Engineer: 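I am attaching a structure below and will ask some questions about it afterwards.
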Amino acid sequence: MSEQPSADWRRTGERIDTLIAASASGGTVARERSEELVRLVVDFYGAGLERLLDLVHEHGTLDDEVLAALAGDDLVASVLLVHGLHPYDVETRVEKALESVRPYLGSHGGDVELLAVTDDGAVRLRLLGSCDGCPSSSVTLKLAVRGAVEAAAPEVTSIEVEAAAEEEAAAGPVVPVDALFTRLHGAAEDSASWQSVPELSAVEPGAVVRFTVEGVAAVGCRTGADLFAFADRCARCEQPFDGAALTRRLGGAAGDGVLRCAGCRAHYDVRRAGTCLDAEGLHLDPLPLLSDGAGVSVCVPAAVAT
């Protein structure tokens with residue numbers, strides 16, 4: 001099986017935008033010609049891709065396995081999406097995106113349900129479950145869900161969130177609905193970028209790895225099949241997790257994981273958003289994760305990065 005292409009191609013689109021903007025220095029006509037050139041090249045290759053898929057279909061080889069492989073390749077899927085040729089519709093892509101972040105939402109004791117994708121491109125979601133007392137949940141849940149939906153379906157026009165009925169009857173939803181997704185691309189304080197962290201893909205169950213993303217020190221660990229990441233700082237001794245170990249919680253299930261600080265010996269439940277088991281009110285700062293099968297990306301919320 002061939003390796004995934006380098007992430008350098010992701011910067012190609014940004015470079016194209018930069019070159020088009022630079023052409024504006026030659027005047028309006030120069031910019032219009034640059035935009036027309038790009039549009040014609042894109043349309044030309046789009047027509048070729050569409051014909052290629054038609055030929056594969058005519059020969060009876062465009063089966064479910066091939067479609068899944070096309071959709072699962074980040075580069076191929078992105079190119080097909082640009083040309084309106086992605087094998088999965090918007091609703092299917094959104095549901096798959098939400099499925100990819102459900103393990104992370106579960107670490108906060110929550111879940112998300114897709115209610116509908118409207119004809120005008122609006123996604124309607126319902127938040128479920130409850131948070132385990134982590135103050136950073138509002139930020140991390142928002143970034144995880146929004147990032148997943150944006151990556152899978154960039155043509156979505158808006159995201160509407162409802163609280164579950166049982167939450168509305170209680171003191172309030174885990175994440176205030178009016179503070180969640182004010183716009184798809186959010187306000188300045190919500191801005192954050194998803195960065196690929198290759199070393200997380202190779203983390204074995206029970207292992208702990210320290211890494212840096214966008215200048216922020218972080219620690220990752222895997223319990224069972226689920227991967228978790230936190231800011232690299234013990235909430236009790238405020239030291240990095242150098243030499244930290246992931247152990248099974250005493251009396252807990254096989255999939256439970258407890259991150260132990262090597263310095264002060266504090267214990268943190270990774271499935272409960274890093275809640276400290278030794279001191280009430282202490283918790284780690286969890287970082288949202290996205291895994292598409294080909295790699296793992298981490299988003300650093302502004303509240304953590306600063």
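All figures in this text were calculated on a predicted structure; none of them were measured in a lab.
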Engineer: Could you give the distance from CZ (Arg33) to OG1 (Thr28), rounded to the nearest 0.5 Å?
Structural biologist: 11.5 Å
Engineer: Taking Val41 as the starting point, is it possible to reach Phe44 by hopping between hydrophobic residues whose side chains are less than 4.5 Å apart?
Structural biologist: yes
Engineer: Under a 4.5 Å cut-off applied to non-hydrogen side-chain atoms, are Leu227 and Val203 in contact?
Structural biologist: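 Counting from C-beta outward, Leu227 and Val203 do come under 4.5 Å.
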Engineer: Give me the atom names and distance for the closest heavy-atom approach of Gly224 to Pro205.
Structural biologist: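 Nearest heavy atoms, Gly224 then Pro205: O-CG, 3.6 Å.
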Engineer: Nearest 0.5 Å, what's the OG1-OH distance between Thr275 and Tyr268?
Structural biologist: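 These two atoms lie 10.5 Å from each other.
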Engineer: Of all residues at least two apart in sequence or in a different chain, which pass the side-chain contact (heavy atoms from CB on, under 4.5 Å) check with Asp226?
Structural biologist: Pro103, Phe228, Arg271
Engineer: Apply side chain to side chain contact (heavy atoms under 4.5 Å, CB included) to residues His283 and Cys276 and explain how you reach the verdict.
Structural biologist: CA-CA 5 Å; His283 66 87; Cys276 184; 6.0 Å; no
Engineer: Is any side-chain heavy atom of Val298 closer than 4.5 Å to one of Gln195?
Structural biologist: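 Side chain of Gln195 against side chain of Val298, heavy atoms only: no contact under 4.5 Å found.
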Engineer: Asp285 side chain to Ala231 main-chain N or O, any donor-acceptor pair under 3.5 Å?
Structural biologist: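 Answer holds: no.
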Engineer: Could you check whether atom CD of Glu58 has more than 12 heavy atoms from other residues, nucleotides or ligands sitting under 6.0 Å from it?
Structural biologist: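 Correct, the count exceeds 12.
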Engineer: Using the side chain to side chain contact (heavy atoms under 4.5 Å, CB included) rule, take Phe211 and Leu200 through it: C-alpha gap first, then chi angles, then the decisive distance, then the call.
Structural biologist: CA-CA 9 Å; Phe211 61 96; Leu200 286 182; 3.7 Å; yes
Engineer: Would Tyr88 and Val117 show up in the same hydrophobic cluster when neighbours are defined by side-chain heavy atoms closer than 4.5 Å?
Structural biologist: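 Different clusters.
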Engineer: If you measure from CD on Glu214 to CG on Leu287, what distance do you get to the nearest 0.5 Å?
Structural biologist: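 Between atom CD of Glu214 and atom CG of Leu287 there are 12.0 Å.
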Engineer: Check whether His59 reaches the backbone of Leu55 with its side chain - one donor and one acceptor, N or O, closer than 3.5 Å.
Structural biologist: yes
Engineer: Using atom types as modelled and distance alone, determine if a side-chain donor or acceptor of Ser196 lies under 3.5 Å from a backbone N or O of Ser297.
Structural biologist: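 No.
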Engineer: Taking C-beta and beyond as the side chain, do Cys237 and Cys234 meet within less than 4.5 Å on heavy atoms?
Structural biologist: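 Yes - at least one pair of side-chain heavy atoms lies under 4.5 Å apart.
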Engineer: If you take all heavy atoms of Arg265 and Asp278, which pair is closest and at what distance?
Structural biologist: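 Shortest heavy-atom separation between Arg265 and Asp278 comes out as O-OD2, 3.9 Å.
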Engineer: Using a 4.5 Å cut-off on heavy atoms from C-beta on, say whether the side chain of Leu62 contacts that of Leu70.
Structural biologist: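 A side-chain contact exists here, since the closest heavy-atom pair is under 4.5 Å.
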Engineer: Would Val90 and Val149 show up in the same hydrophobic cluster when neighbours are defined by side-chain heavy atoms closer than 4.5 Å?
Structural biologist: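 In one cluster with Val90: Val149, yes.
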Engineer: State plainly whether one hydrophobic cluster holds both Leu115 and Leu98, where clusters connect Ile, Leu, Val, Met, Phe, Trp and Tyr through side-chain heavy atoms under 4.5 angstrom apart.
Structural biologist: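 In one cluster: no.
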Engineer: Identify the two heavy atoms, one from Ala122 and one from Ser158, that lie closest to each other, and give their separation to 0.1 Å.
Structural biologist: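 Nearest heavy atoms, Ala122 then Ser158: CB-OG, 3.3 Å.
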Engineer: Rounded to the nearest 0.5 Å, what's the gap from CD on Glu238 to CG on Leu282? Could you check?
Structural biologist: 9.5 Å
Engineer: For Arg102 and Glu95, run salt bridge (Lys or Arg N to Asp or Glu O under 4.0 Å): C-alpha distance rounded to whole Å, both residues' side-chain angles, the deciding distance at 0.1 Å, then the answer.
Structural biologist: CA-CA 10 Å; Arg102 281 196 171 102; Glu95 184 55 67; 2.9 Å; yes
Engineer: Supply the atom-to-atom distance Arg39 CZ to Leu37 CG, rounded to the nearest 0.5 angstrom.
Structural biologist: 10.0 Å
Engineer: Quick check: closest heavy atoms across Leu125 and Val123, and the distance to 0.1 Å?
Structural biologist: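 Closest heavy-atom pair between Leu125 and Val123: CD2-CG1, 3.7 Å.
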Engineer: To the nearest 0.5 Å, what is the distance between SG (Cys221) and CZ (Phe230)?
Structural biologist: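 These two atoms lie 5.5 Å from each other.
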Engineer: Check whether any side-chain heavy atom of His267 lies under 4.5 Å from a side-chain heavy atom of Leu259, and answer yes or no.
Structural biologist: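 In short, these two side chains do not touch, never coming nearer than 4.5 Å.
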Engineer: Same cluster or not: Val112 versus Leu114, using hydrophobic residues (I, L, V, M, F, W, Y) connected whenever any side-chain heavy atoms lie under 4.5 Å apart?
Structural biologist: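 Yes, because Val112 and Leu114 connect within a single hydrophobic cluster, where side-chain heavy atoms sit under 4.5 Å apart.
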Engineer: Going through the checks in order, is the side chain to side chain contact (heavy atoms under 4.5 Å, CB included) test met by Val219 and Val209?
Structural biologist: CA-CA 6 Å; Val219 59; Val209 60; over 6 Å; no
Engineer: Does a salt bridge link Arg93 with Glu155, judged by any charged N lying under 4.0 Å from a carboxylate O?
Structural biologist: yes
Engineer: I'd like to know whether Val258 forms a side chain to side chain contact (heavy atoms under 4.5 Å, CB included) with Thr223, so could you lay out the CA-CA distance, the side-chain angles of the two residues, the decisive distance to 0.1 Å, and finally the verdict.
Structural biologist: CA-CA 9 Å; Val258 175; Thr223 175; over 6 Å; no
